[in-house]
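Encoded as C-alpha cells, the structure appears first; notes follow it.
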Amino acid sequence: MKNYIKTILLLSLSALVWTSCENDGFYYQDTPRVRLVGPTIWTLESDSLEFSFVSYGDQESINMDVEACVMGTVTDYDRTASIVVDAEKTTADATMYEVPNTVTIPAGSNKSTFAVTLKQNAILNNSTVRLYIKVADSPDFAIGNNEENHLLFKWNNMISKPTNWDELYEHFGEYSETKYRFMLSHAGGVTEFSTETMSWSELHNYNIIFTNALNEYNAAHTGNPLQENGVLITFPQK
Amino acid sequence: MKNLKYILLLFLTLAGFSACIDDETNTNYLSDYDAGVIVFDTTGIANRLVLQTPMSPGDHIEFEPKVDYCHPERLRYRWFCLSMRNGVYSPEQVGNSMVYPPADTIATTLKLDWIVDLDPGTYSFYLMAEDTVTGMKGFYKAQETFVQVITKGVQSGLYLLTENGENTDIEVLASPLMMIAGDKQCKKFYSEMTGSTLSGKPKFIHGSHTGGNDKDGFLICTDKNLYRIARQGMVIMDEWKNMFYDTPDVFNPQMSFFDNRTKCEVLINDDKMHVLYTNKGNDRKFSAPIAGDFEAYPYLMAQPRQTWQPAAGAINADQVIFDKKNKRFVPYYAYNSSISQFKTTNGDAFLDANKLPGVPVKILNGYTNSTYAIMLLNGTYYLYRYNFQQRPDNGDLSADGANSIINLSGCTNLAQAKYWATCSAYPAFYYATDKACYSFSYTTGGANTSNTIYECEANEEITCIYASGSANGGFPTAQSMMWIATWNSATKEGKIIEYEMDHNYGVPASNWGPMFGSLTNPTITTGWQKIVGMTFIEVE
C-alpha cells in the first residue's frame with residue numbers, strides 16, 4: 001500500500017512540475033484580442049495623431065494606414081475584427097472620414113492593415129475635428145488592452161501668419177493667407193520657413209520653386225490667376 | 001526490481017525540472033557587456049571626425065575612442081589601415097597572382113597618436129581590440145567608406161580634363177609663358193594625388209568655388225557624375241546627388257560658369273538654368289530651375305556685368321543666356337527667380353536680340369565681352385555680334401552697327417568645326433575640326449578668310465582647343481595664350497601645342513615668349529592622356 005502511495009505522490013509531483021513549465025512562456029494565452037497601431041510617423045507611437053491639410057495643397061483626402069494587430073496565436077482561418085466610431089468622442093461629421101466596420105485578419109497572419117480616410121472640408125479652415133475609433137467585441141476577437149484598443153485622429157486646415165514674416169519678406173513679399181497656403185502646399189512637406197534655420201540660398205530656392213509653381217497655376221487657370229481679395233499673388237523679383 | 005519504478009519516476013521528475021531550467025534561459029539574456037562583447041563608442045569625443053576628413057602627409061592625428069568591455073585590462077590594441085583602389089579594397093597583381101595588399105599597422109595603443117606617413121591615396125582605418133585571454137575581438141571602422149590622403153598645396157596652371165580608361169583624370173600643365181604658373185607637367189595629377197579617378201568619361205571642366213567668393217575649385221562633369229572639386233588638395237566637395245536642394249530628375253549638365261565678380265554661379269542642366277550665389281548665405285547647392293518660358297542654350301557669358309565703374313544705365317545682368325525655344329537672348333538679373341527680357345527691338349536695329357533667324361551653331365564670348373553667334377542661314381555661315389555689357393538696353397543690342405553681321409564664307413571647313421575658343425579681350429575666334437585648327441578675325445581688312453593655325457600629323461586628331469584671357473587677365477601673357485590638344489591613335493598619347501597668340505588677328509606671335517624663356521612658338525609637350533577639356537581659372 002505504501003508503495004502505491006509513494007508512486008501516486010511521485011506521479012503527482014511530476015505532473016505538477018510539467019504544469020509549471022506551461023506557465024513559464026511569455027506567450028499570450030488569453031482570449032484573442034486586437035490592438036490598433038497608427039502610422040508611426042504621425043502617431044509617434046502614441047494613441048493619437050494630428051494632421052494638417054495645409055501642406056497638401058488641393059489634396060481632397062489622405063489615407064492613414066492603421067494596423068490591426070492580433071494578441072494571441074495565428075490561426076489557419078480568416079478572422080474578423082470589428083471597428084467602431086465612438087460618437088461621443090468624435091466631432092467630425094460622418095462625411096469627413098471613412099472607416100471600415102470590419103477588418104479581416106487573414107489565415108496564418110497576426111495582423112492586417114486598413115485605411116482610415118480623413119477628408120478635406122471647408123470647416124477645417126477654422127477648426128480642428130476629431131475622430132475616435134476603437135475595437136469592438138466580435139466573435140473572433142475581444143477588445144484589446146485599454147491603451148491600444150483605440151486611435152484618435154485630429155485634423156484641420158488652419159493657417160496663421162508666421163511671426164517671423166518680416167524676416168521672410170525679402171524672399172516672399174507681402175503676406176496673404178492664400179499666398180502662404182500656396183507656399184506650404186508647394187514646399188514639399190516643409191511646414192515653416194526661417195532665416196535662422198535656412199540659408200539665404202535655401203529661401204531663395206523656395207522663392208524660385210513658388211514662382212515656378214505660381215506660373216504653372218496661372219497658366220492652368222487662364223483668366224483666373226491666383227489672387228486674394230482681388231489682389232494678384234506674386235513673389236518678389238529682386 | 002521494484003526500485004526501478006522509483007528510479008524511473010525520479011528521472012522523470014528531474015527531466016521535468018530541467019525543462020523548466022531551459023525555459024528560464026530563454027528569458028534571461030546576458031547583456032553584451034556580461035557576454036564579453038567589445039563595444040566602441042565615439043559619442044562626445046571632440047575630434048571624432050578626424051579620421052573621416054582628408055589628411056595630408058605630415059599631419060598629426062590624435063584620436064582615442066572609448067571602449068566598453070568587462071575586462072579592459074586584458075585588451076591589446078592595433079590601429080591599422082587598408083589601402084584602397086578607386087574606393088574599394090581590392091587585390092593587386094603581385095607576380096603571377098592577385099593578392100590583397102596587407103594591412104599597415106600604425107599604432108598598438110588605444111589612443112592613436114600618429115604622424116601621417118602614407119602616400120597620397122584612399123585608405124580605410126580600423127582599430128582592433130583583442131582580449132588576450134579569451135581571444136574575443138572587436139573592430140572599429142573609423143569611416144563608412146574611405147578617407148583621402150592628399151598632397152598639400154595648390155598647382156597653378158592649365159588644368160586638363162583627360163580620359164583615364166573609362167574614367168576621368170586631371171592633369172596640369174604650367175609653362176614659363178604662363179608666368180604665374182611655373183614650369184611643370186603634372187601627368188595623371190588627380191589620380192596620383194588621390195589614388196583614384198573620377199567615375200565616368202569626361203565631359204567638361206570649368207572654374208568654380210568651394211562655397212566662398214574665390215574661384216578656388218572646379219566643376220567637373222563626366223558622363224556619370226558632376227563634381228565640385230577644391231583646387232586645394234583636389235578634394236571632392238560635392239557630387240551631383242548633393243549639389244541641389246532638389247536634385248533634377250535628368251542628369252544632363254551642359255555648361256557652367258562662376259563669375260567671381262558677381263559671385264553668381266550658373267549651371268545649365270537639361271536646358272534649364274540653376275543659380276548659386278556665394279556672396280549670400282549658401283549651402284553650396286544650386287537652386288531649383290529659374291522660372292520662365294525658355295530652353296537654355298549651353299552658353300554663358302564670361303563677364304556679363306562690369307562691377308567696377310559700370311556704365312550709367314547699363315544692362316547689368318548677372319547672366320545673359322540664349323533661349324533656344326524662342327530664339328532670343330534673355331537677361332537674368334541678380335537674385336531673381338525668373339529670367340527677364342530685353343526691351344522690344346527697334347525697327348532700325350542692326351540685329352534683333354529678341355528674335356534670331358535660327359538657333360546659332362555656336363555662341364562664344366567675343367571681343368570686349370560682346371557675344372558672338374555663329375549662324376547658318378541658307379547654307380551660309382555668318383557671325384552675329386551682340387553686346388549685352390556696359391551699355392543700356394536701348395532696343396538695339398548689336399555690337400558694332402552695320403558691321404555686326406559678318407559673312408564667314410571664307411572660313412575653311414567651318415561646317416566641320418567641332419571645337420571652339422575665344423579670348424574675350426580681342427576679336428579673333430578659333431575653331432577646329434578633327435584635323436586642323438583655324439582662326440578668324442574681322443580685323444583683317446575685310447578679307448573674311450580664316451587662318452590655319454595647326455594641321456594634324458598622321459594618326460593625330462584634335463580633341464580640344466582653349467584660349468585664355470578674359471578681359472581681366474592681370475598679367476602680360478594672360479591675353480595671348482592658346483592651346484591645342486591632340487590625340488595620337490598610334491602612340492596612344494596626347495599632345496599639347498601651346499601658342500603665344502596675337503588674338504587681335506588670330507595668328508601666332510612671339511612678343512612675351514622670348515622674355516620669359518619660351519623661345520619656340522609653339523611649345524609642344526607630349527605624354528598626356530586624351531585631353532577633352534581645359535581651363536586656366538586665373539584667366540577663365
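Since the model is a prediction, treat every value here as computed from it, not as a measurement. So that the names make sense, note that chain A is the first sequence line, chain B the second, and so on, each numbered from 1. The figures that follow rest on heavy atoms only: side chains count, while hydrogens, waters and symmetry mates do not.
Of all heavy-atom pairs spanning B/Ser337 and A/Pro236, the tightest one is OG-O, 4.1 Å. B/Asn336 approaches A/His204 most closely through the heavy-atom pair O-NE2, 3.3 Å. Of all non-hydrogen atoms in B/Ala291 and A/Thr211, the two that sit nearest each other are CB-CG2, 3.8 Å.
In this structure, B/Asp246 and A/Ile209 have side chains that are in contact, with non-hydrogen atoms separated by less than 4.5 Å.
In this structure, A/Gln59 places its CD atom where more than 12 heavy-atom neighbours from other residues, nucleotides or ligands lie under 6.0 Å away. Within 6.0 Å of atom CD in A/Glu192, 12 or fewer heavy atoms from other residues, nucleotides or ligands are found, so the atom counts as exposed in its surroundings. Atom NZ of A/Lys111 has 12 or fewer neighbouring heavy atoms from other residues, nucleotides or ligands inside a 6.0 Å radius.
Judged purely by distance below 3.5 Å, without hydrogens or angles, the side chains of B/Ser287 and A/Asn205 never pair a donor atom with an acceptor atom. No hydrogens or angles considered: a donor-acceptor pair under 3.5 Å links the side chains of A/Ser199 and B/Asp283.
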Checklist entry - Yes or no on side-chain contact (heavy atoms from CB on, under 4.5 Å) for A/Ser201 and B/Lys285, after CA distance, side-chain angles and deciding distance? => result CA-CA 8 Å; A/Ser201 289; B/Lys285 291 181 186 296; over 6 Å; no
Item to check | Verdict with reasoning, B/Tyr277 to A/Trp200, per side-chain contact (heavy atoms from CB on, under 4.5 Å) | outcome: CA-CA 9 Å; B/Tyr277 279 94; A/Trp200 182 94; 4.2 Å; yes
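To the nearest 0.5 Å, atom CZ of residue B/Phe286 and atom CD1 of residue A/Ile208 are 12.0 Å apart.
Proximity to chain B (any heavy atom under 4.5 Å) is restricted, for A/Asn215, to the side chain, taken from C-beta onward.
In terms of modelled atom types and a separation under 3.5 Å, the side chain of A/Glu202 and the main chain of B/Asn282 share no donor-acceptor contact.
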